[in-house]
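Below is one structure, written out as structure tokens; the observations come after it.
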There are 4 protein chains.
Amino acid sequence: MPRPLSETARQKAIDATFAILGDEGIDGFSIEAVTRRSGVAKTTIYRHWSSANELLVDALDCHIETVPAPDTGSLHGDLTAMTTSALEVMADPARRRMLLDLLSAAASDPELEQIKQALVSERTHPIVEIVERAVERGEIPPIEPERAVTFVHGPLMARTMLQGEPPTTDELPELIELIMRGLGAERPDT
Amino acid sequence: MPRPLSETARQKAIDATFAILGDEGIDGFSIEAVTRRSGVAKTTIYRHWSSANELLVDALDCHIETVPAPDTGSLHGDLTAMTTSALEVMADPARRRMLLDLLSAAASDPELEQIKQALVSERTHPIVEIVERAVERGEIPPIEPERAVTFVHGPLMARTMLQGEPPTTDELPELIELIMRGLGAERPDT
Amino acid sequence: MPRPLSETARQKAIDATFAILGDEGIDGFSIEAVTRRSGVAKTTIYRHWSSANELLVDALDCHIETVPAPDTGSLHGDLTAMTTSALEVMADPARRRMLLDLLSAAASDPELEQIKQALVSERTHPIVEIVERAVERGEIPPIEPERAVTFVHGPLMARTMLQGEPPTTDELPELIELIMRGLGAERPDT
Amino acid sequence: MPRPLSETARQKAIDATFAILGDEGIDGFSIEAVTRRSGVAKTTIYRHWSSANELLVDALDCHIETVPAPDTGSLHGDLTAMTTSALEVMADPARRRMLLDLLSAAASDPELEQIKQALVSERTHPIVEIVERAVERGEIPPIEPERAVTFVHGPLMARTMLQGEPPTTDELPELIELIMRGLGAERPDT
DNA sequence: TGTTAAGCGAGACGGTACGTCGCGTCTTAAT
DNA sequence: ATTAAGACGCGACGTACCGTCTCGCTTAACA
């Protein structure tokens, strides 16, 4: 008989959440901040989501962008394409901070941990694909795909987060060479 | 002329911080909680640390024993020792969370960025040493040390943070094998 | 559209304020003391009053008690009745202290000064009435009423505040005699 | 052997106290404010005065010149001289406030009560003298001196504290006339 | 098609923690 | 042994959000 939870309110709250994360980082995120920014009442937010984290999860969920696996014909080309696109994300400080905020928040919230997994796998799947194709082509010896992913993303992450800055574009070739050697490619061919 | 910041107060606050993390997790951590638990006044805490995060970082810092570079005679042995000890830290969710908090906070605070650098280099220096020795011994071709560090820590970080759990101890050998191959070691082990 | 500031919360805070003033004097008065005593949250108090003084003013305002002018037929009788009742207030150390606290606080807060005026005039009006009746009856020569008030309250105040103790009941007749003589009554007649 | 409590420090603190009262009013007065303004250390202030109130009282004391009993030859002249000088003190809001603070503090602190008594008697003694001389001269009938004091100070106090402002200089003659009549002077003046 | 229950904005409520200020006590070094 | 300097435990300050609640207004689905 009554009207259902309105989709407009939901969308406004989610948009505001995302806008806040981009502008102020996770520290600026609070139910009341969303209220202020979106014009959606606190009551309404609690009617849609039972906690701030759930709203966060939902907002991030809505913004997962699917990255297709490149297929250039060689592991080297595919890796180059893949890491280049990953670097674009990392090079943007706002996005970098959002990722870190998510990682740290997820460390103490199993619910966020799951949404993190979903976001991460969106990025890891293409790598799995790339590596599997390379194995089929005989470019590299068989390898457990998850381990390969670790090997591709790891150096990028370490570089970005520990050193504070992502690698520059001209450092990429050297990194890829090391990665390929680690994966067992015969010759990274120059 | 006045008395210096007292070491006892500092220690009591740090101990209380750790006790809280152990008993209630990071959610139970607050300046006032530390005050209640330690008997150290809030004002005093603020005299020692300008923010809750700094106290957290300091507590972390105090409880992470500086690991000297192992010297087992071979790159493989050194890496095993090094990564094993790194894993111990990563396996503790509280420390993992603190590291992530530090990384994300540092992303938007230059002051924290420096503290982070200090903590990170505490961990990277031993690796630089290990790698340099391996190069001297001719085990691996010459390599820019920072890049090598990236290659050792990266997979561990990716594993821990992206997948949510650090690698188990029996996965270590395989990871090390990949890392060594990436660094160009002739044959990881016979 | 939201619910209005609740009258219950307001009343509870005001009552607690008054209770504190009576029990501990103005030094015991603080927002947090009111919070503790009333069960009304600090935030709520700040929603109702923008400062501690405003609450104080409001609380005192609510407790102004109207004293009716006695009418015994003679100035001597009226004065006796009036000063006796005034003495009752002064004899209570808690009320005495409250009055002094109010006087001194009002000396640097125009807002409190006004509420003080209201409280004072509640006590002065009856005296004005008494004196005016005495003038009409020809008991005393015409006099500016405010000056007469000064003359009745003054000695009582000086006695109470400077000497530290209010006059005893058996000193009253002599004081009244002096007052009447000052006002110009032919003979205080015994 | 040790040096005694230094008079310079004492003076600097008292001067700073007065400067603060002048610049920021009594609300700006605090031990730490005096410390900041005078350069005299907190320790030193507590060595000289056991509380902020005592410092305040002392500062007041130092800046109130002891007024000797005037001797003009007539009660009327003496009273005029006496009340005029009392009015000067009362006209200064800072001193007025300080007097009230002292009175209210004394109401619940026996130690302060004594200090108050000392300050008060500094002002009452001259009046006692004046009145005794008037009795000797036969100007007024014998009277208990304390009661006379009450009668001189009372109207001034009531005027100043209840009405909020001290009487103006041109109101004084009328007040004195009333006081003299109350004391039983045959004819205040012809 | 008019009724009506639920959604909605607004925001008051009792709370917890924040980071700051001043208190009065204390410790230290320097004169 | 007094002083300037200031750290200490303490407690109140005023603010920000929390999650719950009450309020009228609005609106979509059912009768």
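Quick note on labels: first sequence line is chain A, next is B, and so on, each numbered from 1.
Summary of the strand contacts: C:Ser50 and A:Phe29 both lie near DNA chain F, and taking for each the nucleotide with the nearest heavy atom, the more 5' one is attributed to C:Ser50. Toward the 5′ end of DNA chain E lies the nearest nucleotide of A:Arg10, the other residue of the pair C:Ile45 and A:Arg10 mapping further downstream.
DNA chain F is contacted by C:Ile31, C:Glu32, C:Arg36, C:Lys42 of residues 31-42 of chain C, taking any non-hydrogen atom closer than 4.0 Å.
Remark: A:His48 is not in phosphate contact with E:dG7, judged by side-chain N or O atoms under 4.0 Å from OP1 or OP2. Proximity of D:Arg47 to the phosphate of F:dT3: a side-chain N or O atom is located under 4.0 Å from OP1 or OP2. A sub-4.0 Å separation between OP1 or OP2 of F:dA7 and a side-chain N or O of B:Thr44 is absent.
Rounding to whole angstrom units, CD of residue B:Glu54 and P of E:dC18 are separated by 15 Å. Taking atom CH2 on B:Trp49 and atom C1' on E:dG19, their separation rounds to 16 Å, with Å as the unit. If you measure from atom CG of B:Asn53 to atom C1' of E:dA17, you get 15 Å, rounded to the nearest angstrom. Atom CG in B:Asp27 sits roughly 14 Å away from atom C1' in E:dT16 (whole-Å rounding). The nearest whole Å value for the distance from the CD1 atom in C:Ile20 to the P atom in F:dA12 is 11 Å.
Judged by distance alone with a 3.5 Å cut-off, no donor-acceptor contact links the side chain of B:Thr43 to the base of F:dA7. The base of F:dA16 is not paired with the side chain of A:Ser30 by any donor and acceptor separated by under 3.5 Å.
Side chain of B:Lys12 to backbone of B:Arg37: no donor-acceptor contact under 3.5 angstrom is found. A donor-acceptor pair under 3.5 Å is absent between the side-chain atoms of C:Lys116 and the main chain of C:Leu99, judged by distance alone. Proximity of a side-chain donor or acceptor of A:Glu54 to a complementary backbone N or O of A:Ser50 within less than 3.5 Å is detected.
Using a 4.0 Å heavy-atom distance criterion, B:Ser6 is classed as a sugar-phosphate-only contact. At the heavy-atom level, A:Ser51 lies nowhere under 4.0 Å from the strands shown.
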Walk me through whether B:Arg96 and B:Val89 qualify under side-chain contact (heavy atoms from CB on, under 4.5 Å).
CA-CA 7 Å; B:Arg96 202 159 67 232; B:Val89 175; over 6 Å; no
What do the steps show when you test A:Phe29 against A:Leu55 for side-chain contact (heavy atoms from CB on, under 4.5 Å), and what is the final call?
CA-CA 11 Å; A:Phe29 170 72; A:Leu55 166 54; 4.2 Å; yes
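Taking every side-chain heavy atom of A:Ala9 into account, E:dC8 is the closest of E:dA12, F:dT2, E:dC8. Closest to the C:Tyr46 side chain, of the nucleotides F:dG14, F:dC8, E:dA10, is F:dG14.
Residues D:Val40 and D:Val34 have side chains not in contact (no heavy-atom distance under 4.5 Å, counting atoms from C-beta outward).
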Side-chain polar contacts of residues 41-48 of chain C - donor-acceptor pairs under 3.5 angstrom, sequence neighbours left out - could you list them?
unit_1	atom_1	unit_2	atom_2	d
C:Lys42	NZ	C:Glu32	OE2	2.7
C:Thr44	OG1	C:Arg47	NH1	3.4

